[in-house]
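The structure under discussion appears below in the form of C-alpha cells.
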2 protein chains.
Amino acid sequence: MFYPDQKEAFAKLLTVVKGRRVAVLGHMRPDGDCIGSQIALTRVLLALGVDAVAVNRHPVPRDIEPIVQDTPFLLWDEFTSEDHIAINVDCADPIRVSQKLVDIFPQSLANIDHHISNPGYADINIIEPVSAATCEVLAGLFFDFDLPVDAVTAQALYVGIATDTGQFRFPSTTQQVFKICSRLMDCGASPNEAARHLFENERFNKLALLQRFLASLRLELEGRVCIGRLPLKAYHDTGAWREEAEGFVDYARDIAEVEIGILLEEYEDGTLKGSLRAKDAKYRVDQVAKFFGGGGHTCAAGFNVDSNIEKFYHEIVAKLEEHLADVAPVEV
Amino acid sequence: MFYPDQKEAFAKLLTVVKGRRVAVLGHMRPDGDCIGSQIALTRVLLALGVDAVAVNRHPVPRDIEPIVQDTPFLLWDEFTSEDHIAINVDCADPIRVSQKLVDIFPQSLANIDHHISNPGYADINIIEPVSAATCEVLAGLFFDFDLPVDAVTAQALYVGIATDTGQFRFPSTTQQVFKICSRLMDCGASPNEAARHLFENERFNKLALLQRFLASLRLELEGRVCIGRLPLKAYHDTGAWREEAEGFVDYARDIAEVEIGILLEEYEDGTLKGSLRAKDAKYRVDQVAKFFGGGGHTCAAGFNVDSNIEKFYHEIVAKLEEHLADVAPVEV
C-alpha cells in the first residue's frame, strides 16, 4: 500500500459521496497538479457512479488544457449547485478556491492535499506533506483501493506529478514517485505526450521576452547574485503575457557561481514584483522577501513593492549584501 | 527479470572477465549515458574483484563530472594496457571509441548498447534497442543478477537514464524506465543531486549566447519553420563554448505553430553547421540534411556545408519550402 495511514479517511470519503452530487474544487490560478488532481478525482468518482464535476475560479492553463479531454470541467459562473458537496484538492487553505466558490461552498466535505501548511479544514482531511504532488497522493489512494484508473485519469495524474516535481528534479522526487509513474504508464499515461504539450507549445512572444530577460542579466556582489529585469516596456514590446515569465528566474539562479537568482518585474499600477530563488535552503530568501513585505520558502520567495526597477535596484542589492554577509558560499 | 534474453550473454561476460584486467571504453565526446555506463560497469566489476578501469578519448563533460567520484577513469594517453581486454559501452560502431583506442584494442570482448544500428561487432553483444539508455540496460542486468550497486553506481546509472531520456520526455521513457529509477533510488540515487549539477551549473557566457540565439530567431514559411543563427561573432562576443549551444535548437522547435526548428552555426574554417529538429517523424528532416550532405534521424538531423549564414540562409529556406509542400501541418 502507498498510503496505509489514509485508508480509513479515504474509505469514509468514498462512502459519504455515494448518491451525492460532488464538486471537485481546485485553487485560483491553477497549475498542473491542481488540474490533474481535479480531473482524476472527478473521473474516478464518475466511474464509481457518483455525479461529479470539476469547478474552478480561473480557467485551465493553455499548456495543461489537452489533459482535460471529456472530463466535466466548469468555471465557477458556469456552475449551478444542486445540493452539491465540495471536495477541495491541492488547496492548503479554504480561501484558495476563491471567495466566489467559498460563497457557494462555505464548508468542504473533504480536503486532499500535500502542502505541509494545510491545517485540515474540512470534515475529512487527507494531507500527505512528504508527497511530491496531490496527484501522487490520489494515484496512491486509487491504487491502494484498486479503483478504475483510465488512460485520461492516468495521464492527468502523471502531468500533475511531472509538473510539481519540476520534471523529476526537485528533492520531492522520491522512490515512490517513480514507482507510481511506472504504474500510471501501465494505465496508459504517456510522458512523451505530456512533454509535447507542456514544452513544445510556446508562443514566439515568450521567447522574445526571454531574450529581453537574458539581455538584462547582471551579476552583483562578486557574482553571488544574478538579477534579471523586466520593465513594463519589455512586456509592451514583445506582447508576452505575465505568466510567460514564470521560470525565467531559474536561468539567473542556475549560473554556476550564483547563489541567489532574482527577477524584478514592473507592473502597470506602479508596483514591482520581486522573485528570489536560492540554490540552498541556508540562504533563507524568505527573510529577504519578508523585509520587503513578502514571504515564501527558504529557497523560493517573493514580494511586491510600490516602486520601479530604476529606484529599487540599488535597494535590493544593498539588502542582499547585508543578508549574504553572514552566509558562506555553497559548495557545488 | 528486466532482460531475460540477455541472461546467457551477460553470464558469459561475467565469467570471461574473471582474473582479467578490463578497460571499459566509451565513445568520443562522451555524454551522460556513456559516462554513466562506464562508471557503473567499472565499479561493479571492481566490486566483483575484477581489475577494471574506464578509458576515453575525450574528457568527461563538466556537468557530468560530479558523478565520477572515486571511479578509476583515465584519458587514452594516461592509460597503459597491461594485457587488458576491452568492453565497449554505448558505442554503436567500434570506431566510436576513437582511432587511438582502436589502435590499442583492435577487437573488443564485449559491446553493451541500446542503439538500433549496432551490428554486434564484439565477441559478446548485448544490444537492447528498445531501452532508453545503455544505463537502463546495465541497471536491469545488475538487478537481474543481484550484483552490488553502490550509491555512486546508482547515481551514475540514474544520470545516464535522465540525460538520455531528455529528463523523462522522450518516447523512449517507458514503464520500465520509471521502475528502474525507483530501484536506483533504493540504492542511493538522488534525482535532485543530479539536477543540481546538470542544470544549476551554467556559465554566464552560455546565457549570453542563448540571448544572441533568441534575438536571431526568425519565423519562415508562414511560421512552419523557425531559424536561429549563431554567426562567428556571437561566439567571439560572448566567450561561449561551441558545446554550450547544444539544445538551443529546441527553443525554435518548441514554438506552438512551428513544425521544424533550425540552428545555423558558423565555424572558424568557413564552414557552417545546420541542425534540424522536427515535432514529428513525418517531417523526415533526415532527407533535408541528406540533401546538404548530412544525415540523422527523422526528427533530428544535421549537416555541414562550406558556406556562411548570409549566403546559405536563402538556400535552406528554399529547400524547406519545397520539402514542406508535401507535408501537412501536424495537429498539436
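- If you tally non-hydrogen atom pairs under 4.5 Å between each of Ile180(B), Leu219(B), Thr165(B) and chain A, the highest count goes to Leu219(B).
- The choice from Met185(A), Lys206(A), Arg203(A), Glu257(A) that makes the most heavy-atom pairs within less than 4.5 Å of chain B is Met185(A).
- With Gln167(A) contributing its side chain and Phe168(B) its backbone, the two residues share a donor-acceptor pair below 3.5 Å.
- Smallest separation of non-hydrogen atoms from Lys179(B) and Ser182(A): CE-OG, 3.8 Å.
- Between Glu202(A) atom CD and Cys226(B) atom SG the span is 12.0 Å, to the nearest 0.5 Å.
- Leu207(A) has its side chain within reach of Ile255(B): a pair of non-hydrogen atoms, C-beta onward, lies under 4.5 Å apart.
- Look at Glu200(B) and Arg253(A) and you find a salt bridge, because one of the NZ, NE, NH1 or NH2 atoms lies within 4.0 Å of a carboxylate O, short of that distance.
- No other option in Ala195(A), Gly261(A), Ala252(A) has as many heavy-atom pairs under 4.5 Å with chain B as Ala195(A).
- The contact between Leu217(A) and chain B is made by backbone and side chain atoms together, counting heavy-atom distances below 4.5 Å.
- Atom-to-atom distance recorded for Gln211(B):CD and Ser216(A):OG is 9.5 Å, nearest 0.5 angstrom.
- Within the 4.5 Å cutoff, the side chain of Phe178(A) has heavy atoms near those of the Pro191(B) side chain.
- Residue Arg277(A) does not touch chain B at all, counting heavy-atom pairs closer than 4.5 Å.
- The shortest side-chain heavy-atom distance between Asp280(A) and Arg196(B) falls under the 4.5 Å cut-off.
- The local environment of NE2 in His115(A) is crowded, with over 12 non-hydrogen atoms from other residues, nucleotides or ligands closer than 6.0 Å.
- A distance of 6.0 Å or more separates the ring centres of Phe199(B) and Tyr251(A).
- Side-chain atoms of Arg169(B) never come within 3.5 Å of backbone atoms of Glu193(A) as a donor-acceptor pair (strictly under, hydrogens ignored).
- To the nearest 0.5 Å, atoms CG (Leu214(B)) and CG (Leu209(A)) are separated by 10.5 Å.
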